[in-house]
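Okay, structure first, notes after.
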Amino acid sequence: MDSPRQIWDKCCNQLQAELSAQLFNTWIRPLRLDESTGEILRLFAPNRFVLDWVNDKYLSRLRDLIAQSGQYYRLEVVVAARPVAVFSRQSFAESSPDISPTTDAQPIDLTPLGLRVPFDPSVTSLTPIESVSSPVPEASVRAFSGQKRINRDDIEGGLQHRTYLNPSFTFKSFVEGKSNQLGLAAAIQVAENPGGSYNPLFIYGGVGLGKTHLMHAVGNALMQRKPNAKVVYLHSERFVADMVKALQLNAINDFKRYYRTVDALLIDDIQFFAGKERSQEEFFHTFNALLEGGQQIILTCDRYPKEISGLEERLKSRFGWGLTVAVEPPELETRVAILIKKAEQASMKLPHDAAFFIGQRIRSNVRELEGALKRVIANAHFTGRDISIDLVRESLKDLLALQDRLVSVDNIQRVVAEYYKIKVSDLHSKRRSRSVARPRQVAMYLAKDLTNHSLPEIGNVFGGRDHTTVLHACRKIKELLDSDADIREDVKNLLRSLTT
Amino acid sequence: MNQPDPVQLFLKVSLSDDATFANFYYHSPAQQQAVVALAAFARRDPRLGTNLAIWGASGAGLTHLLQAVTHAAFKAGCHVQYLPLRDLIDQAPERVCDGLEQVEMLCLDDLDAISGQPAWEQALFHLFNRRRDTGKHLIVAAHTPIAALDVGLADLQSRLLGSLIYHIDSLDDAGKEQALIRRANARGLDLPGETARFILTRAPRTTQDLFQLLNRLDNASLQHQRKLTVPFVRGLLGEV
């Protein structure tokens, strides 16, 4: 007699012959056989969407194929449970799924209990993410059979906090530069004195600049000092999703208790709370409770609190109660230092000139810098060559070509003119009023910084000006970058537009 | 008694060909490197990280390569799923993306289809984060350079640009001819160079269309028991 595994393999072979590779890989390949059952052929779908589609389009064919095997197996297609998540032992017991046999092919949706972590009582210790992830089948089977793996001694009041900290994001692996030194200093302070005067710590800045890294670094430092500390990192989306599930399960009190009993709560990208009123309300109370209890809160955001639209005023004002620090795009020296450090971590030697070359060309943010370095390292691995400027050029050929198209002098003039709401012809003109002269100087500075054109060439495309005029413009803007916040902001915005 | 329809006789003998790395034709060392990297990614080679993106013109073989990754990853014991975003564009993005952080190797095709759509972008951004938190592998494909994708959500754009990115070049005519001959050989068909050139000058030029035509020629060759000569192919293409 064939086992469910043998029957399922035969079904797959047959469906693979009948369906296009695309259809097979979209709908059948992601189904996984539950190996724990003897009499039932139970398949796990990754989500309700796939489950519904399979039920609608393929269920009867699957039944036929099983029947053709000449053996009777009841077919069940169900949603694979996420790591089981509940708010308390009591609520788990109350809401365990019905595990009695069901009629053939009746889908059993385990998702009502499928809350994502952090509400995971099956985890018995606070450990970084690498060591706590459990394979889906195990989690699924456990969820389905209603068995729990709870170490009562480790769980306080039925709650188990899960950190979700990435152990590689530490202060040691963070590269300090002018652009982030304030954020780093504040984070170190918080790690040394959690719940003190820097509460909440609000870190804001553009994408890919290391805000999340700093946040994890504080969490890791807290955990290092006190291994049983309840430090919880999560993305704002997860907070919202957990709250929605808690409301559905009528378990909002457990939700509150969970978040209010942490030692430090680290929430990433809180701008995604915008427009979610119920979540903001809940977060507001959580925030107050934590602050009153002296527990540390760290938040990251892509902008200054006051600039988050769709967020309640009372939250915005509270976010500013502690310390608000900005993380800026790294300057060239920091970019180079980051590249060298990242290469070292990958056990690769990155010569200084190659690091400078990448750092000069990829200016927008650290994540993109790392993406470029990954490509160079992968090419070095696969070709067996050492990293050199030539290899970098080869590896980043497409990216550099695209950048060159974006940062032509013509494009710089167009973008600058649009930014300052003047005409491109103004930049070429002889007009010397401040409203035109300053944008012209900025455009010349950017042309010198972002392209390989010589000073005379740049002067020529700005209405036939002399190279000394271009040199003067570059020096002037460089000087203003140190003394004038408006110009600094303008150049930063223009660089972002031109290089991303 | 009626004679059986001859069409029914050859169908079972005709071979279908899966999209694998072995039958992806590349024509330059850079392409070879991209294919080697994709094969390593499918094996979850730790040197390559967990996010990879490929881009290239329509017909460059992106879907073929994603299918090849799916195939190879599955063979390596991975839980995999391929999702053609263009076909799913009318579905609720949160519903499609829900729970996909559990799939060990996720292949998202046609990223262009959802760029500029805020709900999709946000759902994918959250999926990126959930997958990052669980260390799962993600590969995406787009017909626009990843850096030039019209993505409104900067957080998503930066995550895409932080991936390992490869450009997949389209084949030139010589490359298409070779690809056609190799594909035919893999199906047990002898396709002379002269016939391949004839096909290229008269048939649709995308590799996808060419391979579909090859399926038709394969069937016709079996049905008529003829070799793929220029006169035979001309007849089939309606050029008598």
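Everything quoted here is computed from the prediction, not taken from an experiment. All values below come from the heavy atoms of this structure, side chains included, with hydrogens, waters and symmetry mates left out.
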Which bit of [X] is near chain B, if near means a heavy-atom gap under 4.5 Å: side chain, backbone, both or neither?
{"X": "A/Ala346", "result": "neither"}
{"X": "A/Phe272", "result": "side chain"}
{"X": "A/Val366", "result": "neither"}
{"X": "A/Thr383", "result": "side chain"}
{"X": "A/Ile377", "result": "neither"}
{"X": "A/Asn379", "result": "both"}

For the side chain of [X] and the backbone of [Y], is there at least one donor-acceptor N/O pair under 3.5 Å apart?
{"X": "B/Gln81", "Y": "A/Thr26", "result": "yes"}
{"X": "A/Thr300", "Y": "A/Tyr204", "result": "no"}
{"X": "B/Arg131", "Y": "B/Val103", "result": "yes"}
{"X": "B/Glu121", "Y": "B/Leu153", "result": "yes"}

Next on the checklist: With ring-ring contact (aromatic ring centres under 6.0 Å, His included) as the criterion, how do B/Tyr25 and B/His64 come out once you've worked through the C-alpha distance, each side chain's angles and the decisive distance to 0.1 Å?
Outcome noted: CA-CA 11 Å; B/Tyr25 182 74; B/His64 181 122; over 10 Å; no

Checklist entry - Hey, is NZ on A/Lys492 packed in by over 12 heavy atoms from elsewhere, all under 6.0 Å? => result yes

Next on the checklist: Tell me whether the rings of A/Tyr233 and A/His216 are parallel (<30°), tilted (30 to 60°) or perpendicular (>60°).
Outcome noted: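 Tilted.
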
[X], part contacting chain A, at a heavy-atom distance under 4.5 Å:
{"X": "B/Asn129", "result": "side chain"}
{"X": "B/Arg95", "result": "both"}
{"X": "B/Glu104", "result": "side chain"}
{"X": "B/Tyr166", "result": "both"}
{"X": "B/Leu106", "result": "neither"}
{"X": "B/Ala40", "result": "side chain"}
{"X": "B/Ser158", "result": "both"}

Checklist entry - Are the charged groups of B/Glu101 and B/Lys136 less than 4.0 angstrom apart, N to O? => result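 Looking at B/Lys136 together with B/Glu101, the answer is no, because their closest N to O distance does not fall below 4.0 Å.
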
Next on the checklist: Is any side-chain heavy atom of A/Arg361 closer than 4.5 Å to one of A/Leu396?
Outcome noted: no

Item to check | Pick from A/Gly206, A/Ala21, A/Gly208, A/Ser395 with the largest number of heavy-atom pairs that fall under 4.5 Å of chain B | outcome: A/Ala21

